[in-house]
Amino acid sequence: MENRTYTADAEPGETVTVAGWVHEVRDLGGIAFLILRDTTGRIQVKFEKDEMDDELVETGLGVARESVVSVTGDVEEEPRAPTGVEITPETVDVIAPADTELPLDPSGKVDAELSTRLDNRTLDLRGEESKAIFEIRGETLRAARDAFREADATEINTPKIVATGTEGGTELFPITYFGREAFMNQSPQLFKQLVAGSGLERVFEIGPIFRAEEHNTPRHLNEATSIDFEGAFCDASEAMDVCEQVVASVYESVAENCESQLEALDLAAEFEPPERPFPRISYEEAIERINATGELDEQLVWGDDLPTEGEKALGADVGGHYFITDWPSEIKPFYIKDHDDDPELSTGFDLMHPRMELVSGGQREHRYEQLIEGFQQQGLDPEAFEYYTSMFKYGMPPHAGWAIGGERLVMTMLELSNIREAVLFPRDRQRLSP
RNA sequence: GCCCGGGUGGUGUAGUGGCCCAUCAUACGACCCUGUCACGGUCGUGACGCGGGUUCAAAUCCCGCCUCGGGCGCCA
């Protein structure tokens, strides 16, 4: 739109055209105000009924909330206006009228349930808080990309339509690919390994993953955004270094560049980047500390996976981000390498936020024979993964990597109660549209 | 996948067998109001998810269905 001025840029003394949504009309009798909102903020448009053209007043005050209008007029300094300036209109054009009964209230005076908000996401995103979440999400991805670049990693894109899954076919969405069975990829895991073993060495990918698990919780999605890293000649410890750096710089960038958004979410006062270095707690120490909290009815023994309740107890005990390292080999996937001096212990690690798991990673099994053995032990046919395993015959360096759940990162950072808040159009057990 | 809890005007809610031709807020409509900033005031419109059952009487109890949310498992 030509000659449009953002409301935030309207300076006293200028004649401007602003365009946006009607946030509210306040009619006080002889004087009335229309609050116009655009992506930069709001500005007040003043109507003095005795002194202005009747038709102009009628148009300006007759327009329904959330209609799109453009207003041309003089910007004046006015201490009584909310932003210190207001516009005296010469013309008001209704560009797109809105129905009077809205399915939710973007001004936030009346709450709406998440389900109602998601059904009407466009309107929902006109609200300050929802908008702020996605601006911060955007900053999160930007900051992560910068951090990866600092770590010498190249951004890659791998296929989302695949012939086989990462660990078998049970939790994959099946699709038909020109008459052949195919699946939506649950993880870029195998592909990024193949690329790490190429001349690119260090790679990252930010993209969708698809999981057909029928869970129904505030922290699971069936389509999520995975932030993946894989580095050749990296061990688990070096991979954790990169992970910590990425997570920390996301927080730092958000703190630095998203002040107003944090304000909108009422987080500005307490928001701070996590304490570093992130403690690295061995699995063995983790179960001991969980048992010591006394939160669990039954004591954990070596080899148990950590139940949700245990993760929370440990999270409360640690009080910040932390890694859990050196998991028992048997509860980590076969492609995670075991310690050379102890086959019972894997190099797998998780990065935990006090509320939930954020990352899982580890050093990979890069030795061909051991990899094939791993497939067989897992009950998988190595033949089906030949495209993957064969590359391990041609000089596959040791390598390690990890994946962050992008939505979980945003969710925990912003203290969102439901992961769906962090996705524009979430896909969950029941939601397929919008 | 197993388990639990909800569905009341456009939106968010109150309501545990008769006090409910259903509460409150907001939105919407009409009128009043010249500095609001969640503007205020008066009046008004508008709802018990669907189907069946129990009962003299059902928003309320029972059954089925639909739908939403949560816990666990599993995961990111």
Side-chain angles (χ1 to χ4, degrees), chain A residues 23-35 42-52 57 62 64-66 78-84 86 98-120 123-124 127 166-167 170-171 186-189 206-228 243 247 304-312 331-333 350-353 355-361 402-412 417-420 422-423 428-431:
Chain A
H23 188 71
E24 191 163 27
V25 175
R26 285 198 270 269
D27 188 344
L28 275 64
I31 193 169
F33 305 103
L34 181 156
I35 315 299
R42 299 175 201 165
I43 199 162
Q44 175 163 289
V45 182
K46 175 182 66 177
F47 293 87
E48 283 181 298
K49 294 177 187 173
D50 290 346
E51 296 166 28
M52 289 169 62
V57 171
R65 292 158 76 227
E66 297 305 315
E78 174 49 72
R80 290 173 293 184
T83 59
E86 68 186 7
D99 282 355
T100 49
E101 295 218 316
L102 302 169
L104 59 81
D105 171 21
S107 75
K109 271 184 257 182
V110 182
D111 286 343
E113 289 191 358
L114 184 56
S115 170
T116 305
R117 292 172 44 207
L118 294 175
D119 285 339
N120 302 279
L123 274 175
D124 177 55
T166 309
E167 299 154 59
T170 54
E171 52 183 31
Q186 62 163 184
S187 163
Q189 173 68 36
I206 300 178
I209 55 170
F210 305 91
R211 307 223 164 155
E213 294 285 344
E214 297 197 36
H215 35 47
N216 189 9
T217 82
R219 60 184 184 283
H220 288 94
L221 293 163
N222 293 293
E223 177 176 350
T225 307
S226 186
I227 302 173
D228 271 82
C243 181
V247 170
D304 286 345
D305 208 341
L306 266 37
T308 304
E309 209 183 346
E311 286 179 359
K312 284 180 181 159
I331 55 176
K332 281 289 170 187
D350 287 355
L351 174 64
M352 308 296 296
H353 176 275
R355 279 175 71 193
M356 71 188 76
E357 180 180 340
L358 283 184
V359 170
S360 85
W402 44 263
I404 307 187
E407 285 81 12
R408 287 192 177 183
L409 178 60
V410 173
M411 174 189 188
T412 51
S417 60
N418 192 311
I419 197 165
R420 296 166 182 87
V423 193
D428 62 33
R429 177 74 187 85
Q430 30 270 342
R431 183 172 290 275

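Below, read A as the first sequence line, B as the second, and so on, with proteins coming before strands; counting in each chain starts at 1.
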Exercise. May I ask you to verify whether the side chain of H220(A) and the base of C75(B) hold a donor-acceptor pair under 3.5 Å?
Key: yes
Quiz item: What does nucleotides 25-37 of chain B look like as a protein-contact string, B for base, S for sugar-phosphate only, - for none, at under 4.0 angstrom between heavy atoms?
Solution: -SSSS---BBBBB
Quiz prompt | salt bridge (Lys or Arg N to Asp or Glu O under 4.0 Å) between D27(A) and K49(A), worked out | solution = CA-CA 10 Å; D27(A) 188 344; K49(A) 294 177 187 173; 2.8 Å; yes
Self-check item: Separation of atom CD in E113(A) from atom C1' in G70(B), rounded to whole Å
Solution: 13 Å
Quiz item: Under 4.0 Å between a side-chain N/O of T116(A) and OP1 or OP2 of U11(B), yes or no?
Solution: no
Exercise. Provide the distance between the two P atoms, one in C21(B) and one in A59(B), to the nearest whole Å.
Key: 9 Å
Quiz item: Rounded to the nearest Å, what distance is computed from the CG atom of residue L114(A) to the P atom of nucleotide G6(B)?
Solution: 20 Å
Quiz item: Checking all strands, does S226(A) fall into the base, sugar-phosphate, or nothing category for heavy-atom contacts under 4.0 angstrom?
Solution: nothing
Quiz item: For C68(B), does either OP1 or OP2 sit under 4.0 Å from a side-chain N or O belonging to N216(A)?
Solution: no
Practice problem: Please state whether the phosphate of A76(B), meaning OP1 or OP2, lies under 4.0 angstrom from any side-chain nitrogen or oxygen of Q189(A). | Solution: no
Quiz item: Do R408(A) and C75(B) share a donor-acceptor pair, side chain to base, under 3.5 Å?
Solution: yes
Quiz prompt | Nearest atoms (heavy-atom pairs only) where I227(A) meets G406(A) | solution = CD1-CA, 3.9 Å
Quiz item: Contact class for A224(A) (heavy atom, under 4.0 Å): base, sugar-phosphate, or nothing?
Solution: base
Exercise. Please state whether the phosphate of G71(B), meaning OP1 or OP2, lies under 4.0 angstrom from any side-chain nitrogen or oxygen of T217(A).
Key: no
Exercise. Just name whichever nucleotide pairs with G29(B), Watson-Crick or G-U, keeping both distances under 3.5 Å, else none.
Key: C43(B)
Quiz item: Do R219(A) and T308(A) come close enough that some side-chain heavy atom pair is under 4.5 Å?
Solution: yes
Quiz prompt | Polar side-chain atom of D99(A) near backbone of E101(A) as donor-acceptor pair, under 3.5 Å | solution = no
Quiz prompt | Separation of G70(B) C1' from R429(A) CZ (nearest whole Å) | solution = 15 Å
Practice problem: Could you please name the partner base of G18(B), counting Watson-Crick and G-U wobble pairs only when both distances are under 3.5 Å? | Solution: C56(B)
Quiz item: If you pin D305(A) and A112(A) to their nearest nucleotides in RNA chain B, which one's is more 5'?
Solution: A112(A)
Quiz prompt | Strand partner of G64(B), provided both Watson-Crick or wobble distances fall under 3.5 Å | solution = C50(B)
Practice problem: Could you work out which one of G1(B), C75(B), A76(B) sits closest to the side chain of E214(A)? | Solution: G1(B)
Quiz item: Does C72(B) have OP1 or OP2 sitting under 4.0 Å from an N or O in the side chain of R219(A)?
Solution: yes
Quiz item: On RNA chain B, nearest-nucleotide positions of P307(A) versus G406(A): which is more 5'?
Solution: P307(A)
Practice problem: To the nearest Å, give me how far apart CG (L351(A)) and P (C75(B)) are. | Solution: 17 Å
Quiz item: Do E357(A) and L306(A) have side-chain heavy atoms sitting under 4.5 Å apart?
Solution: no
